[in-house]
Amino acid sequence: MLAINLIREKKEFIIERLKVKNFDAEEIINKVLLLDSSRREIQSKTDMMQGEMNLISKEIGSLIKDGKRDEAEAAKQKTYGLKEEIKILSEKLIPIDNDLKSEILRLPNLPHESVPLGHGADDNIEVRHRGNKPQIPDNSLPHWDLIKKYDIIDFELGIKLTGAGFPVYKGKGAKLQRALISFFLDEGEKAGYQEVLPPIMVNEDSGFGTGQLPDKEGQMYHATLDNFYLVPTAEVPVTNIYRDVILNADILPIKNMAYTPCFRREAGSWGAHVRGLNRLHQFDKVEIVRIAHPDHSYESLEEMVKHVEGLVVKLDLPYRILRLCGGDMSFTSALTYDFEVWSAAQKRWLEVSSVSNFESFQANRLKCRFKEKGDKQTRLAHTLNGSALALPRIVAALLENNQTEAGIKIPKVLIPYTGFEMIS
RNA sequence: GGAGAGAUGGCAGAGUGGUCGAAUGCGGCGGUCUCGAAAACCGUUGUUCGCCUUCCGGCGAACCGGGGGUUCGAAUCCCCCUCUCUCCGCCA
């Protein structure tokens, strides 16, 4: 949510910036400014009247204390008209407040100045790439065939238990999941992230705080009886730890990470490229989350990119890093880097991480603020997060890229975690 | 699930209709003292919105779990919701 001050002061700037996201903000902003000024006008009036009411009430109090009943009664008469006026005005304010809020919520976050113009994936800019695409034999199999061949992930069984997109990991397949999670968490710990194990269902306030609600309601599983949502990413519970808090500036940046299963309905996004592990309703992910000082949040972002890069390097996967263009970025992000790894049998890049700076956009929804030592004013913090990493596509790439006649070779760094060197 | 009790500032804890944004203690911050520190003493100490102000700030409104109501006036009375605790039941 953009700050109202910013909208008041930098209307033209916002309109220009949002063009990068191919978003025409002019109409909404005009509406916001109109609603905002009538809101302020009404509030000034009611504040004044309420002040008058308070004065009279105090007067009545002391009159009664002095036993001046008649005068007190006369003073009471004065309040009735005022009270009615205040009521009318404050009732007028309610829809204005609601409209104002919902209009502001329609505005996406401003893209950072380095965000390239563009409409879709083709316009993203490759920041760098590393690793050679492995040469695998012509009879190599895509991962959905490999998992069957070695019986490590069972989609049909998942369908029986739950439905499509809820795979069952078995034997070495299950162990590989656990190994990756542990590896990612250990690497995160080395990089100074505190591990948290949060609830994987959250309430409405949390869903709102990170921006899933109200717009992306249909993307989350909803436990209606209790009105809880299954988390689509650990970002939601971990970032919401800092909802409604005022932090001391000197503890920034806060660095947390969490492993959680992630649940996504993926309504309307099933198509040709989603076979096997490419898209699931439930998957595992380790997420890194930071709360940063606005002056240093981009340093944080770069550190996070480096960290994620370290992971794919250690797993020996060919990867590329993309700076997302305005049209491909999320509603809430100011700058996003995507990581993609090469999937040798599918012969395509798979997105395995998305690292973003949300600047104060989420923080404004969350009311996550900080205070500089000795300063009276609170300021909005910056929030950032990134996958480090999401498992399924990493597994897909590992299986495909490392397949040999004898079986699938496990990357060196994972062997201490798996306890085996080969899936065969 | 049943019965009861409760929710007050960073924390603890008073306050049951009238200058109560809220006593007191702790903590935090600033100062005195000290070479420095501790102790002691003095002072200070929330958030949001609006209006005014060149800065410092000033004035007003709102906030005592959340929402609604009664009243000239609500932390205090009434209703609904949420959460916490105690006992019972069930249970990994």
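Sequence lines set the chain letters: A, B, ... in the order given, protein chains first and strands last, and positions in each chain run from 1. Bear in mind that the values here come from a model prediction, so they are computed numbers and not experimental data.
A close approach under 4.0 Å does occur between a side-chain nitrogen or oxygen of N54(A) and OP1 or OP2 of A61(B).
With both ends at atom P, the span from A40(B) to C64(B) equals 35 Å, rounded to whole Å. Remark: the separation of the P atoms in U70(B) and C78(B) is 15 Å, to the nearest Å. Only the P atoms considered, U16(B) is 15 Å distant from G65(B), to the nearest whole Å. U48(B) and G9(B) are spaced 15 Å apart, taking the C1' atom of each and rounding to whole Å. If you take atom C1' in C79(B) and the same atom in A74(B), they sit 15 Å apart, rounded to whole Å. Nucleotides G13(B) and G25(B) place their C1' atoms 8 Å apart, quoted to the nearest Å. Between the C1' atoms of G6(B) and G66(B), the separation comes to 16 Å (whole Å). Only the C1' atoms considered, U45(B) is 34 Å distant from C72(B), to the nearest whole Å.
Across all strands shown, G60(B) pairs with C49(B); the Watson-Crick or G-U wobble distances both stay below 3.5 Å. Nucleotide U32(B) forms a Watson-Crick or G-U wobble pair with A40(B), both donor-acceptor distances falling under 3.5 Å. Under the Watson-Crick or G-U wobble criterion, with both distances below 3.5 Å, G65(B) is paired with C81(B). Using the Watson-Crick or G-U wobble rule with both distances under 3.5 Å, G17(B) pairs with nothing in any strand shown. The partner of A23(B) is absent, by the rule that a Watson-Crick or G-U pair needs both atom distances under 3.5 Å. A74(B): no Watson-Crick or G-U partner with both key distances under 3.5 Å is found in any strand. With a 3.5 Å ceiling on both atom-pair distances, G89(B) lacks any Watson-Crick or G-U wobble partner.
A straight line from CG of N248(A) to P of C29(B) spans 10 Å, rounded to a whole angstrom. Rounded to an integer number of Å, the gap from CD of E52(A) to P of G60(B) is 14 Å. Atom CG of N227(A) is separated from atom C1' of C83(B) by 15 Å (rounded to the nearest Å). Rounded to an integer number of Å, the gap from D244(A) CG to U48(B) C1' is 12 Å. Rounded to an integer number of Å, the gap from CD1 of I251(A) to P of G10(B) is 15 Å. Taking atom CG of D66(A) as the reference point, atom P of C72(B) lies 20 Å away to the nearest angstrom. Atoms NZ (K371(A)) and P (G28(B)) sit 16 Å apart, rounded to a whole Å. Between K376(A) atom NZ and G28(B) atom C1' there is a gap of 15 Å when expressed in whole angstrom units.
At the heavy-atom level, K45(A) lies nowhere under 4.0 Å from the strands shown. In this structure, T46(A) reaches neither bases nor backbone, as no heavy-atom distance under 4.0 Å exists between it and the strands shown.
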Could I get a table of every N or O pair under 3.5 Å where one atom is in the protein and the other is in nucleotides 49-56 of chain B?
from, atom 1, to, atom 2, distance (Å)
C49(B), O3', R39(A), NH2, 2.9
C49(B), O2', R39(A), NH2, 3.1
C49(B), O2', Q43(A), OE1, 2.3
C49(B), O2', Q43(A), NE2, 3.0
C49(B), O2, Q43(A), NE2, 3.3
G50(B), OP1, R8(A), NH2, 2.8
G50(B), O4', Q43(A), NE2, 3.4
G50(B), O2', S44(A), OG, 2.6

Polar atom pairs (N or O), protein with nucleotides 18-20 of chain B, under 3.5 Å:
from, atom 1, to, atom 2, distance (Å)
G18(B), N2, S57(A), O, 2.8

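Of the two residues contacting RNA chain B, namely M48(A) and T378(A), the nearest-nucleotide position lying further toward the 5' end is that of T378(A). Summary of the strand contacts: M53(A) and Q50(A) both lie near RNA chain B, and taking for each the nucleotide with the nearest heavy atom, the more 5' one is attributed to Q50(A).
Around atom CZ of R178(A), no more than 12 heavy atoms belonging to other residues, nucleotides or ligands sit under 6.0 Å away. Applying the 6.0 Å contact sphere to NE2 of H119(A) captures no more than 12 heavy atoms from other residues, nucleotides or ligands. The number of heavy atoms from other shown groups lying within 6.0 Å of CG (D70(A)) does not exceed 12. No more than 12 heavy-atom neighbours from other residues, nucleotides or ligands sit within 6.0 angstrom of CZ on F13(A).
Aromatic rings of F370(A) and H293(A) (six-membered ring for Trp) have centroids within the 6.0 Å cut-off, being under it.
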Distance-only check: which donor-acceptor pairs under 3.5 Å involve side-chain atoms of residues 165-173 of chain A, not counting sequence neighbours?
from, atom 1, to, atom 2, distance (Å)
K170(A), NZ, D151(A), OD1, 3.1
K170(A), NZ, D154(A), OD2, 3.1
K172(A), NZ, M422(A), O, 3.0

Side-chain donor-acceptor distances from residues 75-96 of chain A under 3.5 Å, at least two apart:
from, atom 1, to, atom 2, distance (Å)
T79(A), OG1, K76(A), O, 2.6
S90(A), OG, I86(A), O, 2.6
S90(A), OG, K87(A), O, 3.4

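Remark: the K11(A) side chain and the N30(A) side chain contain an N/O donor-acceptor pair separated by less than 3.5 Å. The closest side-chain donor-acceptor pair between Y193(A) and E187(A), if any, does not fall under 3.5 angstrom. For the residue pair E204(A) and N227(A), a side-chain donor N or O sits within less than 3.5 Å of a side-chain acceptor on the partner.
Interatomic distance, CD1 of I125(A) versus CD1 of I321(A), reported as 14.0 Å (0.5 Å rounding).
Evaluation of the side-chain hydrogen bond (donor to acceptor under 3.5 Å, both in side chains) rule for E195(A) yields no partner, not counting sequence neighbours.
Of the candidate nucleotides U48(B), C72(B), A62(B), U48(B) has the atom lying nearest to any side-chain atom of R369(A).
Near RNA chain B, meaning a heavy atom under 4.0 Å from it, residues 69-88 of chain A has K76(A), T79(A), Y80(A), K83(A) in order of number.
Cation-pi geometry between R365(A) and F208(A) is met: the NZ or CZ atom falls under 6.0 Å from the ring centre, inside 45° of the normal.
The aromatic rings of Y298(A) and H112(A) sit tilted relative to each other, their planes meeting at an angle between 30° and 60°.
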